[in-house]
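To keep things clear, I will list the structure first and then write my remarks on it.
Each chain gets a letter, A, B and so on, in the order the sequences are listed, and its residues count up from 1. All values reported here derive from a predicted model rather than from experimental measurement.
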Amino acid sequence: MALHIYNSYSRKKELFKSITPGHAGMYVCGPTVSGESHLGHARPYITFDLVFRYLQWKGFKVRYVRNITDAGHFEEEGREAEDKVSKKALLEKLEPMELVQKYSNLFHWAMKKFNNIEPSIEPTATGHIVEQIEMIKKIIREGFAYEVNGSVYFDVKKYARHYDYGKLSGRVIDELMETTRELEGQEEKRDKADFALWKAAAPEHIMRWQSPWGVGFPGWHIECSAMATKYLGARFDIHGGGMDLLFPHHESEIAQSTICNHTAPVNYWMHNNMITINGKKMGKSYNNVIKLTELFSGNHPLLSQPFHPMAIRFFILQSHYRSTLDFSNDALAASDKAFRRLWEAYETLKKLPATAGAPADDEELDEKVKSWLDEFEEFVDDDFSTAKVLASMFEIVPIINSLKDGHISANAISGNTLLYMKNHFRVFLEDIFGLQAISNADDKLLNGLLNLLVQIRKTARGKKDFVLSDSIRDHLQKLGIQLKDEKSGEMSWTIGS
RNA sequence: GGUCCUUUGGCCGAGUGGCUAGGCAAAGCUCUGCAAAAGCUUCUACAGCGGUUCGAAUCCGCUAGGGACCUCCA
């Protein structure tokens with residue numbers, strides 16, 4: 001099976017075929033750096049990191065572009081120009097760029113914690129004002145935009161006469177006009193459905209640029225079109241983002257780019273679903289967000305403990321990206337435990353001896369393991385069904401542990417299958433899923449100290465001095481370090497709650 | 001109001017018409033000096049009603065609940 005992707009545009013799973021053989025271009029809507037990222041933001045960036053990693057593993061040379069929105073968009077069209085960035089800047093008495101820098105840094109810090117690979121290009125909106133202006137000029141020349149009082153609007157009605165406006169988001173344009181909310185200052189537009197390409201800036205507006213239409217700032221949708229076109233071309237393979245961006249953002253992107261470049265911009269539209277909390281979308285406007293810093297520190301009334309970024313990554317990979325994922329402390333705690341168990345089994349697997357060519361004593365089991373391993377790729381090929389891969393891995397976990405403990409004979413599984421397991425677990429867990437060890441056991445000092453304690457405890461146990469040995473174990477337990485007596489007489493330890 | 005989606009065991013979640021996903025929790029057992037960890041076993045669910053079918057969690061209809069978008073939103 002080859003990679004199939006669910007295309008939001010056709011609403012079908014489609015075989016992935018890149019435009020340029022061996023290469024793939026992917027654009028993902030990035031963060032608006034006017035505030036701190038929350039759990040909801042983690043999902044698209046982890047999801048598309050997986051897509052990025054998988055395409056690379058499949059042999060594609062991928063250019064992954066993820067923008068940073070630092071220009072700030074108006075809160076509400078037509079209202080007094082209060083763009084998100086400048087408004088907050090006044091409140092916090094910061095320069096807009098200072099604010100942007102702060103939250104960009106914080107965002108990158110969180111991405112690193114999640115072990116997300118950096119995009120190939122991370123363009124900023126403010127760095128591409130020129131490109132955006134050029135694009136708007138072109139749309140005007142094509143006759144699909146008009147200027148009013150220093151602002152430029154896209155003529156949706158005219159566009160809809162020639163193209164399929166609303167196809168992506170499943171909207172009917174006539175209904176759109178009916179249902180669009182009453183907003184102030186709409187009289188500038190010829191039609192309610194029109195959207196701004198460029199907005200004239202009020203004098204108090206901090207973020208402002210010179211343009212052919214006067215001083216102003218770009219509309220919300222144009223930055224993505226301009227930057228995607230610049231770095232990926234008029235037509236590229238994959239465009240990703242949250243489902244909440246389908247309309248109007250992505251719908252408008254299609255319209256702008258289509259007029260400007262005379263081609264539909266994207267072959268495969270991918271949209272991740274929302275993370276919910278108590279069944280409701282986690283979002284700024286609902287006032288129910290849990291920030292990433294709060295998750296990592298456990299500093300939030302809804303959280304019983306800090307959660308490691310890898311536990312969160314695992315939590316997200318355990319569901320399908322197009323399903324809503326309901327957050328709760330219990331659900332996350334369950335993922336945390338599950339991930340630790342899986343990872344420990346993986347560490348155990350790495351240490352199991354394997355000799356190529358050694359036969360299997362238990363052919364049936366051997367075959368079963370092989371078929372589970374074979375399925376990993378099929379599952380990811382099927383629109384990134386990571387949850388299924390993890391389920392299969394958990395089928396194998398007891399086998400790994402049994403091999404270690406001797407519940408299953410060491411020769412039950414063939415050497416080749418063992419090598420296959422070792423390789424496949426590494427590839428899927430680390431390379432493709434981007435998971436990594438939760439504890440920093442490579443800390444030399446810590447390692448040394450713990451090994452010393454383990455030695456002392458071993459000696460004590462040898463002398464049946466259980467008071468001392470239990471005391472060592474209990475004290476370490478209180479520090480969050482768990483000692484485990486192995487069947488072989490060895491002791492191992494793990495750090496973590 | 002319009003458009004679309006969703007409802008799976010105590011909780012989270014995967015599910016391509018026929019083959020008990022998986023995780024967490026819980027209970028019992030094995031191992032252990034005692035624990036922990038690990039292993040084994042148990043818990044067989046698909047909102048309700050009706051239909052199609054030899055067969056439906058999966059397809060269709062109705063009813064009820066929940067949600068998303070239509071406005072900044074990942």
Side-chain angles (χ1 to χ4, degrees), chain A residues 11 13 28-32 34 37-48 72-77 79 83-84 166 169-172 174-176 178-183 193 220 240-249 271-276 278-286 289 314-315 318-320 322-328 330-339 341-342 344-345 348 379 382 385-395 397-402 404-408 461 464-466 469-470 473-474 477 482-487 492-494:
Chain A
R11 288 151 204 258
K13 277 185 202 170
V28 173
C29 288
T32 302
S34 61
S37 298
H38 60 259
L39 178 61
H41 295 115
R43 197 173 198 190
Y45 305 128
I46 288 172
T47 299
F48 291 106
H73 301 295
F74 29 90
E75 296 279 18
E76 245 174 69
E77 248 178 36
R79 255 202 186 177
D83 77 43
K84 276 197 273 178
S169 55
R171 237 145 276 251
V172 182
D174 296 322
E175 281 166 4
L176 203 66
E178 298 291 316
T179 56
T180 301
R181 235 202 232 174
E182 275 306 319
L183 295 171
W220 175 32
M243 270 182 187
D244 48 356
L245 296 179
L246 267 163
F247 191 87
H249 187 54
H271 291 93
N272 63 274
N273 214 317
M274 302 293 104
I275 286 185
T276 58
N278 296 321
K280 278 224 161 49
K281 171 184 170 183
M282 186 180 283
K284 242 177 298 179
S285 30
Y286 295 98
V289 305
F314 182 85
F315 174 65
Q318 250 189 325
S319 71
H320 188 90
R322 283 190 289 112
S323 302
T324 53
L325 173 57
D326 198 46
F327 162 86
S328 69
D330 289 350
L332 201 47
S335 286
D336 182 281
K337 289 201 89 167
F339 173 66
R341 187 160 85 91
L342 176 62
E344 261 198 73
T348 302
F379 288 151
D382 184 15
S385 298
T386 53
K388 287 190 182 176
V389 176
L390 293 174
S392 292
M393 285 182 174
F394 275 108
E395 297 280 6
V397 164
I399 295 169
I400 293 171
N401 288 327
S402 294
K404 182 186 91 174
D405 291 345
H407 293 303
I408 296 178
R461 281 189 80 210
K464 301 225 183 285
D465 183 354
F466 296 124
S469 73
D470 287 0
R473 186 176 66 196
D474 297 344
Q477 184 74 55
Q482 188 174 74
L483 286 187
K484 291 174 211 165
D485 298 337
E486 307 280 343
K487 286 264 184 324
S492 63
W493 47 270
T494 49

Verify the distance criterion only: is there a donor paired with an acceptor across the side chains of Thr276(A) and Asp326(A) at less than 3.5 Å?
yes
Could you tell me whether Ser323(A) contacts a base, only the sugar-phosphate backbone, or nothing, with contacts defined as non-hydrogen atoms closer than 4.0 Å?
sugar-phosphate
Hey, is Phe394(A) doing a stacking thing with G23(B), by the 5.5 Å centroid and 30° angle criteria?
no
On a whole-Å scale, what distance lies between the P atoms belonging to U42(B) and A21(B)?
14 Å
Could you tell me if Arg171(A) sits above the aromatic ring of Phe247(A), with its cationic atom closer than 6.0 Å to the ring centre and no more than 45 degrees from the axis?
yes
Would you find a donor on one side and an acceptor on the other, under 3.5 Å apart, between the side chain of Arg461(A) and the backbone of Phe466(A)?
no
Which part of the nucleic acid, if any, lies within contact of Met282(A), taking any heavy atom under 4.0 Å across all strands shown: a base, the sugar-phosphate backbone alone, or nothing?
base
Tell me the interatomic distance from Asp405(A), atom CG, to C40(B), atom P, rounded to whole angstroms.
10 Å
Strictly below 4.0 Å: does Arg341(A) bring a side-chain N or O up to OP1 or OP2 of A25(B)?
no
Phe327(A) vs Phe315(A) aromatic rings, parallel, tilted or perpendicular, using cut-offs 30° and 60°?
perpendicular
Quick one: label Tyr286(A) by what it contacts on the DNA or RNA (base, sugar-phosphate, nothing), any heavy atom closer than 4.0 Å.
sugar-phosphate
Output the rounded distance in Å from CG (Asp244(A)) to P (U3(B)).
21 Å
Is RNA chain B part of any stem, that is, at least 3 consecutive Watson-Crick or G-U pairs with both distances under 3.5 Å, and where?
B:1-7 with B:64-70, B:10-12 with B:22-24, B:26-30 with B:38-42, B:47-51 with B:59-63
Can you find a side chain N or O atom of Lys464(A) that sits less than 4.0 Å from OP1 or OP2 on G33(B)?
no
What contact category does Ala391(A) fall into here, base, sugar-phosphate, or nothing, at under 4.0 angstrom with non-hydrogen atoms?
base
Between A25(B) and Asp330(A), counting only base atoms on the nucleotide and side-chain atoms on the residue, is there a donor-acceptor pair under 3.5 Å?
no
Would you please say whether a donor-acceptor pair under 3.5 Å links the side chains of Arg322(A) and Thr47(A)?
no
Gap between atoms CG and P, on Asn273(A) and C69(B) respectively (whole Å):
10 Å
When you look at CG of Asn278(A), are more than 12 heavy atoms from neighbouring residues, nucleotides or ligands closer to it than 6.0 Å?
no
Using OP1 and OP2 only, check whether a side-chain N or O of Asn272(A) sits under 4.0 Å from A74(B).
no
Output all residues satisfying salt bridge (charged side-chain N to carboxylate O under 4.0 Å, His left out) with Lys280(A), sequence neighbours left out; order by chain, then residue number.
none
Let me know, please, whether Gln318(A) or His407(A) comes out on the 5' side of the other along RNA chain B by nearest nucleotide.
Gln318(A)
Closest-nucleotide mapping onto RNA chain B: is Ser319(A) or Tyr45(A) further toward the 5' terminus? I mean the 5' end.
Ser319(A)
Expressed as a whole number of angstroms, how long is the span from Asn401(A):CG to A36(B):P?
16 Å
Mind checking the C1' distance from A26(B) to U6(B)? Whole angstroms is fine.
29 Å
Which is true for Leu325(A) with a 4.0 Å heavy-atom rule: it touches a base, it touches only sugar-phosphate, or it touches nothing?
sugar-phosphate
Would you indicate which nucleotide in A35(B), G23(B), A25(B) comes nearest to any side-chain atom of Lys337(A)?
A25(B)
Please check the phosphate of C69(B) (OP1 and OP2 only) for any side-chain N or O of Lys281(A) closer than 4.0 Å.
yes
C1'-based separation of G39(B) from U32(B) [nearest Å]:
13 Å
Check the pair Gln318(A), Ser335(A) against side-chain hydrogen bond (donor to acceptor under 3.5 Å, both in side chains), reporting the backbone distance first and the verdict last.
CA-CA 8 Å; Gln318(A) 250 189 325; Ser335(A) 286; 2.9 Å; yes
Any donor-acceptor pair under 3.5 Å joining the side chain of Asp326(A) to the base of G13(B)?
no
State whether Lys404(A) places a side-chain N or O below 4.0 Å from either non-bridging phosphate oxygen (OP1 or OP2) of A38(B).
no
Counting any heavy atom closer than 4.0 Å, what does Leu245(A) reach on the DNA or RNA strands: base, sugar-phosphate only, or nothing?
sugar-phosphate
Within the structure shown, what part of the strands sits under 4.0 Å from Gly170(A) by heavy-atom distance: base, sugar-phosphate, or nothing?
sugar-phosphate
Name the nucleic acid region contacted by Ser402(A), choosing base, sugar-phosphate or nothing; use a 4.0 angstrom heavy-atom cut-off, strictly under.
sugar-phosphate
Taking any heavy-atom pair under 4.0 Å as a contact, classify Gln477(A): base, sugar-phosphate, or nothing.
nothing
Whole-Å gap separating P (G13(B)) and CZ (Phe379(A))
19 Å
Please state how far atom CE in Met274(A) lies from atom C1' in A68(B), giving the value in whole angstrom units.
8 Å
Could Glu344(A) and Lys484(A) be called an ion pair, given the rule that one side-chain N must be under 4.0 Å from one carboxylate O?
yes
Considering only side-chain heavy atoms of His41(A), which listed nucleotide, C24(B), A68(B), A74(B), is closest?
A74(B)
